[in-house]
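Throughout, numbering of the chain's residues begins at 1 and tracks the sequence. Note that ligands are numbered from 1 as they come in the structure, with each ligand's atoms numbered from 1 the same way.
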Amino acid sequence: MSKIIITCAITGSIHTPSMSPYLPVTADEITAQSIEAAEAGAAILHLHARDPETGKPSAAPEHFMAFLPRIKQASDAVLNISTGGSAVMALDERLAAPRAAEPEMCSLNMGTMNFALYPAAERIKDWKHDWEKPFLENSDDLVFKNTPRDIATILRDLGQTRGARFEFECYDVGHLYMLRHFADRGLVDPPFFIQFVFGVLGGIAADPDNLMHMKRAADKLFGGDYAFSVLAAGRHQIPLTTMAAAMGGHVRVGLEDSLMIAKGKLARRNADQVAKIRRIVEEVGRSPASPDEARAMLGLKGADRTAI
Ligand code: KMH
Ligand code: ZN
């Protein structure tokens, strides 16, 4: 089977500092954990930023630029910047850093949805920062806005104008049809790199039947024009990515999506999750793609054509 692309999502905007002392927050922590993850076998690094003082998700270009050049200088991994930011951010805020950095790859969320984080709040006893509890609890009335107009803006601003290609985040079958719609409009070119996202409360649940369902729908809609990757939240991360690897797909791990390395055990580093999934995928006969192999498979523009 083809080489397998391992993506590592270093810090994200879902988890908060009180959930794990190992969640990268500062530019130093994000830089160090990104380099380690690439050395462990991640070909793509999916990156969000945080306020270094409070750990709060940040869209500020200066927070991204405090680590992007350092990672680029120390690793040839593909830098994939989030356009999702955090569901509480307006679109222009979410796009400020990717517009400035002009990365090879960005995430692109294929539909407006609920993004319910509040169940996590019940499990936290001591809060490090006063923003965390309301951030999580207010997600019961939070809409993660990704209208067709928002999607078209991102495709034009970052894709057509700045040469980025996309990790299309599909949280349900309907999002696959939305991607098909944009392909029919000529706003996206194959090969499509589709991230099947499982286990977010508001998207499709993480179970093998749903992975087969997403795969069947994607096969019908995109035929040979796509490659799928799988990310699954929390305890579902390793089982679903293992299944994806056995199916010929690609995988995404990282503390953005799960804080654990095993049942009841916090991951101390992103690289530990990368090393774990790498051992598993090699056992099922796959070998990790290098960053340049990932670039060739996905048609990326090259690290020398970014503004990082
Ligand atoms: N946090 C993941 C479930 C993005 O950054 O644009 C999806 C994600 C979205 O990574
Ligand atoms: Zn993300």
Side-chain angles (χ1 to χ4, degrees), residues 7-16 19 23-24 30 33-34 37 42 44-50 57-59 63-64 67-68 78-91 93-99 101 103 105-117 119-120 135-136 139 142-147 150-151 153-155 157-159 164-172 175 178-179 193-206 210 214 228-237 240-241 244 250-259 270 273:
T7 295
C8 187
I10 300 297
T11 188
S13 65
I14 296 172
H15 295 127
T16 68
M19 298 176 183
L23 184 68
I30 293 171
Q33 288 223 27
S34 293
I44 300 176
L45 299 169
H46 171 78
L47 294 158
H48 292 246
R50 290 180 182 263
S58 166
H63 287 155
F64 280 88
F67 57 75
L68 287 172
V78 175
L79 304 185
N80 162 353
I81 298 180
S82 172
T83 64
S86 161
V88 299
M89 298 173 187
L91 187 69
E93 203 183 348
R94 289 160 46 182
L95 300 189
R99 280 176 171 144
M105 183 171 261
C106 291
S107 59
L108 178 43
N109 297 275
M110 295 309 295
T112 294
M113 61 189 282
N114 297 322
F115 214 98
L117 307 174
F135 173 81
L136 295 169
S139 66
L142 177 65
V143 173
F144 185 27
K145 178 178 171 291
N146 299 288
T147 61
D150 295 337
I151 294 169
T153 298
I154 296 170
L155 288 170
D157 271 20
L158 293 168
R165 288 184 56 74
F166 296 95
E167 174 189 333
F168 295 104
E169 315 283 351
C170 292
Y171 301 71
D172 213 328
H175 293 175
M178 185 58 81
L179 178 57
F193 184 53
I194 303 176
Q195 191 72 254
F196 298 164
V197 182
F198 296 100
V200 170
L201 184 53
I204 196 165
N210 287 344
M214 291 284 278
F228 77 99
S229 180
V230 165
L231 85 79
R235 68 182 187 281
H236 304 292
Q237 181 180 64
L240 269 288
T241 48
H250 305 287
V251 294
R252 172 170 143 172
V253 294
L255 301 191
E256 170 166 347
D257 305 322
S258 170
L259 293 171
N270 278 274
Q273 288 185 356

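- Around the Zn ion (ligand 2), the angle linking H48 (NE2) with E256 (OE2) is 100°, rounded to 10 degrees.
- The aromatic rings of F196 and F228 sit parallel, their planes meeting at an angle under 30°, below the 60° perpendicular limit.
- In this structure, H48 and I30 approach most closely via the heavy-atom pair O-CD1, 4.1 Å.
- Atoms of ligand 1 found under 4.0 Å from any heavy atom of E256, numbered from 1 in the order shown, are 1 (N), 2 (C), 5 (O), 8 (C), 10 (O).
- In summary, the atoms of ligand 1 found under 4.0 Å from a heavy atom of I14, numbered by their order in the structure, are 1 (N).
- Close approach to S107 involves these atoms of ligand 1, each under 4.0 Å from a residue heavy atom: 4 (C), 5 (O), 6 (O).
- Here the CG atom belonging to L259 is positioned 8.0 Å from the CD atom belonging to Q273, to the nearest 0.5 angstrom.
- At least one N or O atom of G84, backbone or side chain, sits closer than 3.5 Å to an N or O atom of ligand 1.
- Within the 4.0 Å heavy-atom criterion, the part of R252 lying near ligand 1 is the side chain and not the backbone.
- Residue Y171 has no N or O atom closer than 3.5 Å to an N or O atom of ligand 1.
- Looking only at protein heavy atoms, the nearest one to atom 9 (C) of ligand 1 is N109 OD1, 3.3 Å.
- Within the 3.5 Å criterion, the main-chain N or O of E169 finds no donor-acceptor partner in the side chain of N109.
- Using modelled atom types and a 3.5 Å distance limit, the side chains of N270 and Q33 yield a donor-acceptor pair.
- Using 4.0 Å as the threshold, H46 has a heavy atom nearer than that to some atom of ligand 1.
- Counting atoms of ligand 1 from 1 in the listed order, those under 4.0 Å from a heavy atom of H48 are 5 (O).
- The atoms of ligand 1 that sit less than 4.0 Å from any heavy atom of S82 are 4 (C), 5 (O), 6 (O).
- Shown in contact with D257 at under 4.0 Å from a heavy atom are these atoms of ligand 1, numbered in order with element: 1 (N), 2 (C).
- For the side-chain hydrogen bond (donor to acceptor under 3.5 Å, both in side chains) criterion with S229, the lone passing option out of R252, E167, H250, Q195 is Q195.
- S107 places a side-chain N or O within 3.5 Å of a backbone atom of T83 that can act as its donor or acceptor partner.
- When all heavy atoms are compared, the tightest approach of A97 to A59 is CB-O, 4.0 Å.
- Not a single N, O or S atom of E169, from either the backbone or the side chain, sits less than 2.8 Å from the Zn ion (ligand 2).
- Ring geometry for Y171 versus H175: interplanar angle over 60°, hence perpendicular rather than tilted (30 to 60°).
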